[in-house]
Amino acid sequence: MVDTLIAGYRYGDTAIAAIGSTSSLSSLILSFASGLNSGYGILISRAFGAGRQRLVKRTIAGAVLLNVAISLLLTAGALAFLRPILGWLHTPSAIFDQAYRYIAVILAGLLVTNLYNMLAAILRALGDSRTPLLCLAAACLLNVGLDLWFLMGLDMGVAGAALATVISQGCSVLLCCLWIGRRGRELLPAWRDFRPEKQLLAEMLRTGSAMALMLSVFSIGSVILQSAINGLGQTVITAHTAARRIIEMLMQPLSTLATATATFVSQNWGAGQRERIRSALKKVLGLEVGWALLAWAAVGAVGEEAIRWLTGTGDGQVIRYGAMSLQYSFAFYPALGVLLCLRTAMQSMGLSAAPVLSSGIELSGKILGALWIIPRYGYRGASLVEPLTWLLCAAFLCAVFLNRQRALLAGQLCPAEGRCPTENG
């Protein structure tokens, strides 16, 4: 959000459009890698909940090996085909070079970003959510300072905003490592734990891939939708970018509650504490819906002012488009909260098919939107496509979960993998 804010005030609407035109592409790659780490974290949480400390260390070692290998492959592949991809996304020629420079730097720092996601997932899996938060807060403050220096002082353009993001993310990795080195040495795997175990790595890839596929299918739909939105022109891209920053910021409580639910459910699933899972899900769903309603009310009160402040623009059309997108999206935020909670909880209990299928429903809706709704109804249609997919997916997951929860949480139904946790793991 700071990247968008400072770049907009320093370089105008063109810079905002350049950053925003690539956001769905970076989200796709980062979501895939983040999903893998969320899957690894589920297995670490289960082992930790079952009291199997040696398995915890071996799984952490496996996560390190897989993250390094997959990050390097993703970075090389994405950079090699970046220009053709931006062309396929219908990136306007007026912002193409700026967009390329921004996303190239972000992708070059993918390993650093993934290492933070890995360390945060590990610490959360072991019950420590405070340390990743403090490390990321410090990195956020550094990011603001570097944005001001690189853009306002050194005049590095949008590439400077991307570089500030990567450097600050590296700071969060360093801080997490320092904390683990000083206070969490018992978490560190020994050299013997880094010997690849085919069965463990296969299980990690299977669980991680399910989470990654779920998030990637969602992001692929966003890439397709972004391609159609890019074809509506720079004014629409600028408005959409500003609205998305606000939507994503206010989405953080929803997504982080869902992440916390995944960790909590995984730990208690490993320990066989199903009643705690049932109780937690009721509370989290209440929190998700409560925050969604509060965010909806806030956007209704100050939506236009937020767009104007974020972009620094005097273009009335940008402000109207952005405010319209906010109004449509937040009207469906309660459905999004339910969707995120059930998606992660069901994955943590081994029910991966329904969450992945729900992502397929979302992808289908976005493809339909890009091919038919946006060409016919313009940005008004584009603003409704994603919120409607949230509603459809939430209804689908609610139906599946309500149909299976009684047997599942009573211990009568095993997940698809065929293994039911016991009290001793």
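The basis for the numbers below is simple: all heavy atoms, side chains too, and nothing from hydrogens, waters or symmetry mates.
Side-chain atoms of R83 and Y100, non-hydrogen and from C-beta on, do get closer than 4.5 Å to each other. Counting only heavy atoms from C-beta outward, the side chains of L336 and L391 never approach each other to under 4.5 Å. Annotation: side chain of C341 is not in contact with side chain of L257 (no heavy-atom distance under 4.5 Å). The shortest side-chain heavy-atom distance between E305 and W309 does not fall under the 4.5 Å cut-off. In this structure the side chain of V173 reaches within 4.5 angstrom of the side chain of C177, judged on heavy atoms. Side-chain contact check for L36 versus I70: some heavy-atom pair is nearer than 4.5 Å. K366 is not listed as a side-chain neighbour of I224, based on a closest heavy-atom distance of 4.5 Å or more. Looking at L111 and L115, their side chains come closer than 4.5 Å, going by heavy atoms from C-beta outward.
In this view, E248 and R244, R245 satisfy the salt bridge (charged side-chain N to carboxylate O under 4.0 Å, His left out) rule, not counting sequence neighbours.
Using a distance-only test at 3.5 Å, with no hydrogens or angles considered, no donor-acceptor pair links the side chain of S329 to the main chain of L326. Under a 3.5 Å cut-off, the side chain of T91 and the backbone N or O of L86 do form a donor-acceptor pair. Side-chain atoms of S279 do not come within 3.5 Å of backbone N or O of E275 as any donor-acceptor pair. The backbone N or O of G322 sits nowhere less than 3.5 Å from a side-chain atom of S325 that would complete a donor-acceptor pair. A donor-acceptor contact shorter than 3.5 Å is absent between the side chain of W88 and the backbone of S227.
Distance check: K282 NZ to I277 CD1 gives 13.5 Å after rounding to the nearest 0.5 Å. Atom CE of M251 and atom CH2 of W291 lie 12.5 Å apart (nearest 0.5 Å). Of the inter-residue distances, the one linking L163 atom CG with F150 atom CZ reads 5.0 Å to the nearest 0.5 angstrom. Put simply, CD on E304 and CZ on R320 are 8.5 Å apart, with the number rounded to the nearest 0.5 Å. Atom CG in L340 sits 6.5 Å away from atom OG in S255 (nearest 0.5 Å). The distance from atom CG of L363 to atom CD1 of I367, rounded to the nearest 0.5 Å, is 4.0 Å.
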Exercise. Verify side-chain hydrogen bond (donor to acceptor under 3.5 Å, both in side chains) between T14 and Q234, making sure each step is shown before the conclusion.
Key: CA-CA 7 Å; T14 300; Q234 184 176 315; 3.2 Å; yes

Exercise. Tell me, with the steps shown, if I167 and C171 meet side-chain contact (heavy atoms from CB on, under 4.5 Å).
Key: CA-CA 6 Å; I167 292 174; C171 172; 6.0 Å; no

Practice problem: Starting from the C-alpha separation in whole Å, work towards a yes-or-no answer on side-chain contact (heavy atoms from CB on, under 4.5 Å) for I374 and L225. | Solution: CA-CA 9 Å; I374 294 177; L225 205 60; 3.6 Å; yes

Quiz item: Hey, mind stepping through T389 and I361 against side-chain contact (heavy atoms from CB on, under 4.5 Å) and telling me if it holds?
Solution: CA-CA 7 Å; T389 64; I361 295 172; over 6 Å; no

Quiz item: Yes or no on side-chain contact (heavy atoms from CB on, under 4.5 Å) for F401 and L281, after CA distance, side-chain angles and deciding distance?
Solution: CA-CA 11 Å; F401 187 75; L281 286 179; 3.6 Å; yes

Self-check item: Steps toward salt bridge (Lys or Arg N to Asp or Glu O under 4.0 Å) verdict (K283, E288)
Solution: CA-CA 9 Å; K283 295 174 182 177; E288 295 270 19; over 6 Å; no

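Pairs of residues two or more places apart, or lying in two chains, that qualify as side-chain hydrogen bond (donor to acceptor under 3.5 Å, both in side chains) and include a residue from residues 157-173 are D3-T165, Q169-S172. Pairs passing the side-chain hydrogen bond (donor to acceptor under 3.5 Å, both in side chains) check and including a residue from residues 138-157, sequence neighbours excluded, read R10-D155, Y11-D155. Within the structure, every pair that satisfies the side-chain hydrogen bond (donor to acceptor under 3.5 Å, both in side chains) test and touches residues 110-122, not counting sequence neighbours, is listed here: S71-N114. Within the structure, ring pair (Phe, Tyr, Trp, His ring centres under 6.0 Å) contacts touching residues 319-345 (residues at least two apart or in different chains) are Y321-Y379, F330-Y333, Y333-W390.
Closest non-hydrogen pair, A161 versus L151, comes out as N-CD1, 3.3 Å. The heavy-atom pair separating A15 from Q98 by the smallest distance is CA-OE1, 4.0 Å. Closest non-hydrogen pair, L254 versus A292, comes out as CD2-N, 4.4 Å. The nearest pair of heavy atoms linking P334 to L293 is CG-CD2, 3.9 Å. The minimum heavy-atom distance between L107 and A78, with the atom names listed, is CD1-CB, 3.7 Å. In this structure, V144 and I6 approach most closely via the heavy-atom pair O-CD1, 4.3 Å.
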Going by atom type alone, with no hydrogens or angles, which donor-acceptor pairs under 3.5 Å involve a side-chain atom of residues 62-69 and a protein atom two or more places apart or on another chain?
residue: N67; atom: OD1; partner: N37; partner atom: ND2; Å: 3.0
residue: N67; atom: ND2; partner: N37; partner atom: OD1; Å: 2.7
residue: N67; atom: ND2; partner: A63; partner atom: O; Å: 2.9

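Stacking of R276 on the aromatic ring of F264 is not recorded, the 6.0 Å distance cut-off and the 45° axial limit not both being met.
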